[in-house]
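Presented below is the structure to which this report refers.
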Amino acid sequence: MRRLTAVLAGALLLLGTSLVAGCADKSGKSGESAGASGAAEEPLRVGYQRFGGLSLVKARKAEAAGTTWKLFESGPALTEGIKAGAIDIGQVGEAPPIFAAAGKIDFKIIGTSAPVPKGEAVLVKASKGYTSFKDLRGKKVALNKGSNVNWLLVRLLEANGMTIKDIDVQYLKPADARPAFDNDQVDAWIIWDPYFALAELPGVKVLVDATGLANNREYLLVSPQALKSKPGKIREFLKTYRQVTDWGIANPDERVKILAPELGIPEDVARRALERSAQPLAAITPEIGAELQQISDGFTELQLIPVKVDIKARVDEQFSDLLR
């Protein structure tokens, strides 16, 4: 999502999900195991953002030997990695799967996280005197298109009786949005942790976070090819992912000391982001699929995606037993 959910805050992102592959789903399907044909499974290729459970797995070197890692700045970039066949599995916020599906990228959603509403927010300069989102009418608002904050913007507009035409949207990646915000080239920045925590400097105000508006879950995406050819590796990785995530939640001080250097950010910034954004993994369910479908339909109605997407059909519950 989204979603431990960069420069940490600037590059950390989102929260984690764990599931297992290789089990048969309710329709009786199961990935054809490479082991069944006697061939060894290739190492797993993991896409991650500098934050959350996956970063912790990497920092603790808990993954199986041979696992490779590829860093992405945002969820949309990670889904492009799946499309290109560069990674097998990765974690994103709630909007990237929908934009990816609208772009005909093939993937399955195999896990999620508990909600992380405090992990994304609208930041403004305190000196500008804004007291509510309505004060941003006619103002420049920066956000990363297709990321979890895109849905937060939709919900904020609805809650305040506004439309997207009431603000001047600036679609900027975090690396571009931060200097634009710092230099007053935009009036507000809708952003997620850890970029959120990194930007919380004197004079910066949290105008509103996603509480009561968006769950900001994280979602674990996997390529259908990997489900078929690497079920054992996926299952092994997801078990480790859950164990490491649970360990981090139970040991917050140790988690900060491990993650801060991995993310390249100060410990106090890492601690602030993790305290509000680190949530346990959760099983994917039909109800969560319906939640995603509501988000997708909202994007369609606003013409933010060109076609109606059946995102529920991307939900794969075959590993949910590991997350309950």
Side-chain angles (χ1 to χ4, degrees), residues 1-3 5 14-31 47 75-76 78-83 88-117 120 145-155 158 210 213-228 231 234 238 279-324:
M1 52 141 49
R2 207 208 288 312
R3 166 166 144 266
T5 356
L14 333 257
L15 313 306
T17 347
S18 86
L19 283 180
V20 189
C23 292
D25 65 16
K26 294 182 179 178
S27 65
K29 295 179 181 177
S30 66
L78 190 148
T79 61
E80 286 295 322
I82 292 178
K83 178 181 179 181
D88 301 312
I89 192 169
Q91 185 182 13
V92 300
E94 54 201 355
I98 296 164
F99 280 79
K104 310 299 183 186
I105 297 175
D106 199 8
F107 62 87
K108 291 293 184 181
I109 305 170
I110 60 171
T112 186
S113 73
V116 195
E120 58 179 0
K145 187 175 184 179
S147 291
N148 52 338
V149 291
N150 218 147
W151 178 238
L152 176 56
L153 172 62
V154 171
R155 297 290 290 121
E158 291 176 349
L213 296 167
N215 280 329
N216 188 33
R217 297 180 190 272
E218 300 249 332
Y219 291 91
L220 194 63
L221 310 186
V222 64
S223 76
Q225 294 82 4
L227 275 179
K228 210 178 264 192
I234 293 172
L238 291 176
Q279 296 295 327
L281 301 176
I284 199 76
T285 64
E287 291 75 21
I288 291 175
E291 181 180 309
L292 267 176
Q293 190 63 53
Q294 180 186 18
I295 298 172
S296 179
D297 293 345
F299 285 145
T300 303
E301 290 171 12
L302 290 172
Q303 299 182 330
L304 292 174
I305 55 176
V307 295
K308 182 176 175 61
V309 169
D310 184 5
I311 198 67
K312 298 192 308 296
R314 305 297 186 106
V315 168
D316 188 329
E317 299 179 63
Q318 66 176 291
F319 308 118
S320 290
D321 59 302
L322 297 177
L323 303 178
R324 292 191 180 101

Between [Y] and [X], is there a side-chain heavy-atom distance shorter than 4.5 Å?
X: Val154; Y: Leu304; value: yes
X: Arg217; Y: Glu291; value: yes
X: Thr79; Y: Leu221; value: yes
X: Ile284; Y: Asp316; value: no
X: Asn150; Y: Lys145; value: yes

Taking all heavy atoms of [X] and all of [Y], pick out the closest pair and write down the distance.
X: Trp151; Y: Gly298; answer: CZ3-CA, 4.2 Å
X: Ala214; Y: Glu120; answer: CB-OE2, 3.9 Å
X: Ser296; Y: Ile311; answer: CB-CG2, 4.2 Å
X: Arg324; Y: Glu317; answer: NH2-OE1, 4.4 Å
X: Val315; Y: Gly289; answer: CG2-CA, 3.9 Å
X: Gly75; Y: Val92; answer: CA-CG1, 3.7 Å

Check: Gln293 side chain, Lys312 main-chain N or O, donor-acceptor pair, under 3.5 Å: yes
Distance from [X] atom [atom1] to [Y] atom [atom2], nearest 0.5 Å?
X: Gln279; Y: Leu281; atom1: CD; atom2: CG; answer: 10.5 Å
X: Arg314; Y: Leu292; atom1: CZ; atom2: CG; answer: 11.5 Å
X: Ile288; Y: Glu94; atom1: CD1; atom2: CD; answer: 11.0 Å
X: Leu152; Y: Asn215; atom1: CG; atom2: CG; answer: 11.5 Å

